Amino acid sequence: MKLKDEFIVHNIGEETLLVPTAEASFHGLVQGNKTVDVILNCLMKDTTEEAILAVMKERFDGDEADMREDIADVIAQLRKIGAIDG
């Protein structure tokens, strides 16, 4: 899976924004934290949930089950707005 080209990741300090271009069917902004930032950056190229989990485990201390749940939740929301291919 990969983030569609119709979306741009923009970082402002500790905050991450997912901004749709004019070609996107979704019109709005998605605001996220450091976790969302890592997930979005992984999605800049074709990846899997397992690969994203590996990056999350390198960057953050925490429970693997919680990380898996966070990844699944973010991906579900991105699919809902049509931001992911694959």
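Being a predicted model, the structure only gives us computed values, none of them experimental.
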Show me, pair by pair, the donor-acceptor contacts under 3.5 angstrom made by side chains of residues 53-62, not counting sequence neighbours?
unit_1	atom_1	unit_2	atom_2	d
K57	NZ	E64	OE1	3.0

Taking atom CG of D63 as the centre, report whether more than 12 heavy atoms of other residues, nucleotides or ligands fall under 6.0 Å from it. yes
What pairs meet the side-chain hydrogen bond (donor to acceptor under 3.5 Å, both in side chains) rule with one or both residues in residues 69-86, with sequence neighbours excluded? none
Side-chain heavy-atom pair L18, V36 within 4.5 angstrom cut-off: no
Could I get the full list of side chain to side chain contact (heavy atoms under 4.5 Å, CB included) partners for A72, not counting sequence neighbours? E49
List the steps and the verdict of side-chain contact (heavy atoms from CB on, under 4.5 Å) for I81 and V30. CA-CA 10 Å; I81 66 169; V30 176; 3.7 Å; yes
Side-chain contact, heavy-atom cut-off 4.5 Å: L40 with L78? yes
Under 3.5 Å donor-acceptor, K2 side chain and I84 backbone: no
Any residue meeting side chain to side chain contact (heavy atoms under 4.5 Å, CB included) with A24, in chain and number order, not counting sequence neighbours: E6, F7, P20
Sort and list the pairs that fulfil side-chain hydrogen bond (donor to acceptor under 3.5 Å, both in side chains) and have at least one residue in residues 10-26, not counting sequence neighbours. N11-T16, E14-K34, E15-Q31, T16-D37, T21-E23
Establish whether I71 and M44 are linked, either directly or via other cluster members, by ILVMFWY side-chain heavy-atom contacts under 4.5 Å. yes
Value rounded to 0.5 Å, distance of CG in N41 from CG in L3: 9.5 Å
Pairwise side-chain contact, I52 with T48, heavy-atom cut-off 4.5 Å (strictly under): no
